[in-house]
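Quick note: numbers below take in every heavy atom, side chains included, and nothing from hydrogens, waters or symmetry partners. Naming: A, B, ... by sequence-line order, numbering from 1 per chain.
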2 protein chains.
Amino acid sequence: MKSEIGTLGLPPKQFDLVAKALADPRRMALLESIGSEREYSCQKLCVEFPVSKGTISHHMKELVRAGLIEQRREGQYRFYEVRREVLAAYTAELMRRVARVSGQ
Amino acid sequence: MKSEIGTLGLPPKQFDLVAKALADPRRMALLESIGSEREYSCQKLCVEFPVSKGTISHHMKELVRAGLIEQRREGQYRFYEVRREVLAAYTAELMRRVARVSGQ
DNA sequence: GCAACAGTTTCATAACCATCAAACACAAAT
DNA sequence: ATTTGTGTTTGATGGTTATGAAACTGTTGC
């Protein structure tokens with residue numbers, strides 16, 4: 001999900017993907033680890049979390065699909081980086097959607 | 001989930017519940033409707049959404065459980081109100097969790 | 001080439017969950 | 001008290017998904 005979130009908020013489809021991606025505690029934990037450094041290797045995640053590499057790969061795919069992380073390939077290694085603008089756009093859109101309009 | 005979100009962020013358990021509650025598009029849409037007015041009746045939701053009242057009731061239960069809405073009983077009717085402080089606390093905690101700490 | 005390592009994909013499985021229908025509980029009105 | 005209306009609970013069902021194992025792809029180094 002490569003979208004421009006410049007002036008207009010998150011597209012509805014991406015909004016749903018982000019919400020879904022954040023809903024799983026394990027995936028959220030993975031995102032937190034990635035966010036704790038400037039970038040985070042897949043290897044480190046595999047060591048840190050008690051799940052198979054297949055499962056890690058699956059979660060990374062979902063996070064990328066939602067636009068929450070960016071992937072960098074370096075030889076045989078993969079590095080991930082959190083896209084905080086997307087996260088910020090999500091929270092902004094979330095608050096906007098429940099901003100009361102009618103009836104004061 | 002009745003928690004004091006005064007100075008300290010959302011408790012981890014409630015954080016997970018909120019994330020889960022927001023992940024379903026229908027439930028999110030229900031929350032948006034409730035938030036579009038000062039308060040919203042269950043009746044109105046049942047008319048507005050093409051799902052059974054059983055399903056509406058189920059979603060309301062989840063939203064209450066997450067602390068995202070408050071419920072008021074008035075005779076045979078139910079009214080819901082969005083708890084924006086909880087939503088704000090969730091987004092704050094979300095951003096806090098991915099706020100980079102080490103390695104600049 | 002071959003072996004070792006890093007990730008991905010596929011397949012199967014179990015758990016979860018959104019949904020409906022129907023039965024239920026409760027309130028209001030006749 | 002009986003009926004009607006509003007919401008809840010229960011049971012069943014189909015769809016989604018988190019997970020592991022194993023096969024696969026690609027890269028590094030011998």
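- Bracketed by its first and final contacts, the part of DNA chain C lying under 4.0 Å from non-hydrogen atoms of chain A reaches from C/dC5 to C/dT9 in 5' to 3' order.
- Side chain of A/Ser57 to backbone of A/Gly54: no donor-acceptor contact under 3.5 angstrom is found.
- Among B/Leu31, B/Thr55, B/Leu30, the one residue that satisfies the side chain to side chain contact (heavy atoms under 4.5 Å, CB included) test with B/Met60 is B/Leu30.
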Which atom pairs link the protein and nucleotides 25-27 of chain D when you take only N or O atoms and keep those under 3.5 Å?
none

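- Listed by first then second residue, pairs satisfying salt bridge (charged side-chain N to carboxylate O under 4.0 Å, His left out) with a partner in residues 70-81 of chain B read B/Glu39-B/Arg72, B/Arg72-B/Glu74, not counting sequence neighbours.
- When all heavy atoms are compared, the tightest approach of A/Gln14 to A/Gly67 is NE2-CA, 3.9 Å.
- The shortest non-hydrogen separation linking A/Gly9 to A/Glu93 is CA-OE1, 4.4 Å.
- For the pair A/Gln43 CD and D/dT28 P, the interatomic distance rounds to 13 Å; values are reported in whole Å.
- For the helix from C/dG1-D/dC30 to C/dT30-D/dA1, the angle separating the two terminal helix axes comes to 10°, with each axis derived from five pairs and the value rounded to 10°.
- Between B/Arg65 atom CZ and D/dT9 atom P the separation is 13 Å, expressed in whole Å.
- When the P atom of D/dT9 is taken as reference, atom CD1 of B/Ile56 falls 15 Å away, rounded to whole Å.
- The shortest non-hydrogen separation linking B/Tyr80 to B/Ile34 is O-CG2, 3.6 Å.
- Rounded to the nearest 0.5 angstrom, B/Ser36 OG and A/Arg97 CZ are separated by 13.5 Å.
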What's touching nucleotides 18-23 of chain D from the protein side, N or O pairs under 3.5 Å?
unit_1 : atom_1 : unit_2  : atom_2 : d
D/dA18 : OP1    : A/Arg27 : NH2    : 3.3
D/dA18 : OP2    : A/Arg27 : NH1    : 3.1
D/dA18 : OP2    : A/His58 : NE2    : 2.9
D/dT19 : OP1    : A/Arg26 : NE     : 3.1
D/dT19 : OP1    : A/Arg26 : NH2    : 3.2
D/dT19 : OP2    : A/His59 : NE2    : 2.4
D/dG20 : OP2    : A/Ser52 : N      : 2.8
D/dG20 : OP2    : A/Ser52 : OG     : 3.2
D/dG20 : OP2    : A/Thr55 : OG1    : 3.0

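- Among the atoms of the strands shown, only primed sugar atoms or phosphate atoms (P, OP1, OP2) are found under 4.0 Å from some heavy atom of A/Gln71.
- The CE atom of A/Met28 sits 9.0 Å away from the CG atom of A/Leu68 when rounded to the nearest 0.5 Å.
- The backbone N or O of A/Ala21 sits nowhere less than 3.5 Å from a side-chain atom of A/Arg65 that would complete a donor-acceptor pair.
- Listed by chain and residue number, A/Pro25 satisfy the side-chain contact (heavy atoms from CB on, under 4.5 Å) test with B/Asp16 (two or more places apart in sequence, or in another chain).
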